[in-house]
Every structure is written in structure tokens, then in C-alpha cells.
Amino acid sequence: MLLRIRSRDGLERVQVGGPHVSISQLNALIESQLQIPIHNQTLSTDRNLLLAKTPADLLRFTDMSDPSRPLSSLNLSHGSVVFLYYQGERTVRGGAPVCPAGSFGRKMTMDDLIAKQTRITRQESPHCDSVSFDRDSANAFQRYVNETLAFAVKRCGFMYGTVSEEGRVEVDFIYEPPQQGMEDDLILLRDPEEEKLVDAIAAGLGRKRVGFIFTQTIMQDKKDYNFSNKEVLQAAELHAESGLKEWVTVVVKLEANEDGDADVHFEAFQMSDMCVKLFKEGWFVTEFGEDDDPKLSKMKKEVVVGGKDVKEVDNDFFLVVVKIIDHQGPLSSTFPIENRNNLATMRTLKNHLDRTKSLPFVKRIADFHLLLFLAMSHGLGSDVPALAECVSTETAVPEGYQLLIESMASTS
């Protein structure tokens with residue numbers, strides 16, 4: 001029986017006697033076949049083991065900690081994947097041999113030489129300390145993809161907020177651009193004029209674009225990866241476009257819990273510096289075939305991973321884990337969100353203003369999605385950033401603007 005062992009060095013194979021073999025016997029086989037000492041091995045069927053950063057993180061992975069447990073009890077069979085964490089350095093066997101050609105060895109092109117110098121290793125630390133979500137904004141996004149879309153198609157948004165001096169990214173609202181969601185692909189139908197309005201409103205609110213959020217569908221086979229190769233490409237493109245070193249990419253997924261029920265999970269990452277660099281330089285293959293493994297990114301030229309020259313890289317090498325926390329921001333998220341099926345109307349605006357009439361007017365319009373609606377209605381676009389500044393500074397809205405907005409709502 002053959003087991004596939006996935007570590008930071010990529011995918012290797014270990015020959016075992018069968019599913020009756022115990023975990024301690026597997027440890028010994030890994031030591032003899034892969035030259036990793038038993039005391040330095042942590043094994044798990046959970047791919048997140050490879051993202052562990054501290055000894056405390058490793059303690060969470062206990063499914064293969066009992067040395068007497070047989071592999072069959074973990075449903076491991078021929079071809080199954082086991083994840084391996086170890087510390088230190090090792091020489092990976094099986095690298096491609098160099099075949100001499102002529103008296104001075106194999107001829108190498110300049111591309112070969114550059115590829116030899118391109119090593120992909122894990123980036124241990126992100127450039128941002130953590131990402132904090134406004135609770136209402138995050139809940140509005142996950143409720144829509146869970147209850148309305150049922151995680152059947154992909155959905156995304158751009159996250160807006162601030163970056164502290166300590167590197168904490170605080171997300172206060174999410175803008176959802178026009179898009180077409182499919183089972184394993186996401187096509188952004190980006191509207192430059194709409195995005196220009198969004199950025200102007202955000203600037204008025206003292207916020208800027210700080211990241212990208214997207215969902216994975218329940219039809220994706222995500223057992224062996226955090227991001228698919230297509231998702232890596234999209235995330236790398238947007239990270240490179242942002243020019244922000246603290247840029248965060250968040251994935252929202254539905255996963256089974258211990259009771260067999262489904263829970264919504266938010267997971268945050270940064271694309272590694274090497275990933276963004278390789279994307280900018282055009283190293284990634286951007287066309288995919290039906291037989292391509294989604295957990296591997298294909299490169300146009302060879303790179304060095306774990307001492308091997310390869311043209312396929314495990315996507316996890318490009319991900320840097322970011323801690324998630326939450327906060328209660330100053331904006332509301334109750335107005336209908338743009339580019340969804342439930343389009344906002346003047347009647348929607350009137351209902352919103354009626355529902356909040358006990359509040360000062362500046363608080364009644366303290367909702368990014370309402371401000372974007374106003375900016376796209378009746379030529380108010382150039383005036384809305386000024387309204388956003390009133391919201392940001394909590395100063396009274398000029399009477400003329402208030403009368404105009406109330407008049408618009410009364411026409412419903």
C-alpha cells in the first residue's frame with residue numbers, strides 16, 4: 001500500500017504494508033524512507049497542520065497522536081494523503097539528476113539559470129498583525145451566501161477599512177462588485193465608474209480598500225487545499241494590484257463540525273511576497289485543463305521547492321495565515337447591499353429613513369451601502385463624499401442635503 005506524504009517540501013510517497021499498520025510503524029517507515037527522525041514528526045489527516053507556526057499550534061492535531069492506532073481506523077488506504085510537519089533541514093531525495101552534455105556539461109539557457117535561483121519557501125510571518133471584521137458587515141456577507149446562495153455559487157467583495165501603525169487591518173464594510181458566480185470560478189464584472197464612486201465614498205469615511213473576500217462552494221473538493229489554483233491566481237492579481245503590503249485575502253467556506261452539522265468559517269491569509277512577485281513577473285500558467293490538480297499552481301518555468309526543480313507548486317506555499325478578530329464599527333449595515341437581486345429603490349430609502357427617524361440625520365445615513373445608493377441616484381455622485389465626511393466626523397448634515405434626500409425618498 002502506498003501513502004502520499006505531504007510536507008512543506010511537497011508530495012512524497014511511502015510504501016507501507018497495509019491498512020493494519022500502526023501509526024508508530026508509519027513513523028518508523030517515514031524515518032527510514034524520508035530520513036525524518038521519529039521524534040521530529042507530527043502527523044495528521046488535517047491539511048491545516050502545514051500552517052502551524054508554534055509548538056502550541058501542533059498540539060491541536062491529535063488524530064494521529066496515538067502510536068498504537070491502526071491506519072484503517074483513520075480511513076487511510078492506498079493513495080491517501082497524510083500531512084507531515086517537521087522542523088529543521090533535510091536533503092530531499094529524488095531530485096532530477098544532471099546529465100552531462102559535451103565536455104562542459106548540460107547547456108543552460110538564461111531562463112534555466114534564473115529558475116535555478118528562484119526558490120519558493122514558506123513565508124513565516126504576515127505583514128499585518130491581524131484582520132478585524134465589523135460584526136454586522138461580516139454577518140451580512142455570510143448570511144447572504146449561506147441562506148440565499150446556499151454556498152452553491154461563488155461570491156466576493158472588496159473589504160474597506162483602515163490599517164493601524166501596528167499593522168492591524170480593520171474592515172468596516174464590504175463592497176460587492178458586479179459578478180458572475182459559478183461552482184468553481186468567479187468572474188468579476190468590474191465597473192470602473194462604480195469603483196471610483198466607492199473609493200471616493202470610502203475616502204470621505206476615512207477608509208480605503210484593504211483586502212478581498214470570497215466564498216468557496218460546497219461543490220469544490222477542498223480536502224487537500226485551502227485555495228485552489230484559480231483562487232491563488234485571483235488573489236495574487238488583486239494583491240499585486242493593491243500595492244498594499246498589509247492586503248488581506250479572506251475565504252468563507254462551509255465545513256462540517258464535530259456533530260455533523262455545517263458551520264460557516266472565515267479564514268484569512270496574505271499572499272506571500274514571493275507569490276506576488278512571481279505573479280507580477282508572469283510566472284504563473286493561467287489556463288487550466290479538466291485534469292489539472294486544483295491544489296497545485298502550474299509555473300511556466302521551473303522553480304526550486306524543497307531542493308527539487310518543479311513546475312507545479314503546492315498552493316499552501318503561497319499562503320501566510322492571518323489571525324481574525326472582530327469589532328463593532330461606527331457604520332450600520334442594514335441598507336440593501338449593491339449588485340444583489342434585491343435592488344434598492346426610493347421606497348427602500350424611505351423605509352430606512354422612517355425606521356431610523358429617532359436618530360440624528362447624520363446617524364440615519366451612516367451606512368456605506370446607503371451612501372453608494374445615493375451616489376448612483378439622481379446625479380448625487382459628486383456630493384456624497386461630502387456627506388461621507390459628515391458621517392466620519394459626526395458633524396451635522398447641511399440642511400440642503402437633508403431636504404434633498406428626504407425629498408428623493410418622498411417620491412417613492
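All residue numbers in this chain count up from 1 along the given sequence.
A donor-acceptor pair is defined here as one N or O able to donate and one able to accept, closer than 3.5 Å; no such pair exists between the side chain of Gln41 and the backbone of Leu84. Without hydrogens or angle criteria, His78 side chain to Leu2 main chain gives a donor-acceptor distance under 3.5 Å. With hydrogens and angles ignored, the 3.5 Å screen pairs a side-chain donor or acceptor of Asp134 with a backbone N or O of Ser137. Within the 3.5 Å criterion, the main-chain N or O of Ser77 finds a donor-acceptor partner in the side chain of Ser80.
Applying the side-chain hydrogen bond (donor to acceptor under 3.5 Å, both in side chains) rule to Asp291 yields no partners; only residues at least two apart in sequence or on another chain are considered. Legend: residues meeting side-chain hydrogen bond (donor to acceptor under 3.5 Å, both in side chains) with Thr393, ordered by chain and number and at least two apart, are Thr395. Annotation: side-chain hydrogen bond (donor to acceptor under 3.5 Å, both in side chains) contacts of Glu31 (sequence neighbours excluded): none.
Paired with Glu176 under the rule salt bridge (charged side-chain N to carboxylate O under 4.0 Å, His left out), one option of Lys154, Arg190, Arg340 passes, and it is Arg340.
Pairs of residues two or more places apart, or lying in two chains, that qualify as salt bridge (Lys or Arg N to Asp or Glu O under 4.0 Å) and include a residue from residues 198-215 are Asp172-Arg207, Glu195-Arg209, Asp199-Arg209. Counting only residues at least two apart or on different chains, the salt bridge (Lys or Arg N to Asp or Glu O under 4.0 Å) pairs with a member in residues 321-331 are Arg135-Asp326.
In Asn342, the CG atom is crowded: over 12 heavy atoms of neighbouring residues, nucleotides or ligands sit closer than 6.0 Å. A 6.0 Å sphere centred on CD of Glu394 holds no more than 12 heavy atoms belonging to other residues, nucleotides or ligands. Heavy-atom neighbours of Gln328 CD from other residues, nucleotides or ligands within 6.0 Å: above the threshold of 12.
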Anything under 3.5 Å between a donor and an acceptor, one on a side chain of residues 138-147, the other on a protein residue two or more places apart or in another chain? List them.
residue, atom, partner, partner atom, Å
Asn139, OD1, Gln142, NE2, 2.8

>> Show, in sequence, the C-alpha distance, side-chain angles and deciding distance for Phe318 and Phe284, and conclude whether the ring pair (Phe, Tyr, Trp, His ring centres under 6.0 Å) test is met.
In response: CA-CA 12 Å; Phe318 296 128; Phe284 284 91; 5.4 Å; yes
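Under the 30°/60° scheme for interplanar angles, the aromatic rings of Tyr160 and Phe368 are found to lie parallel.
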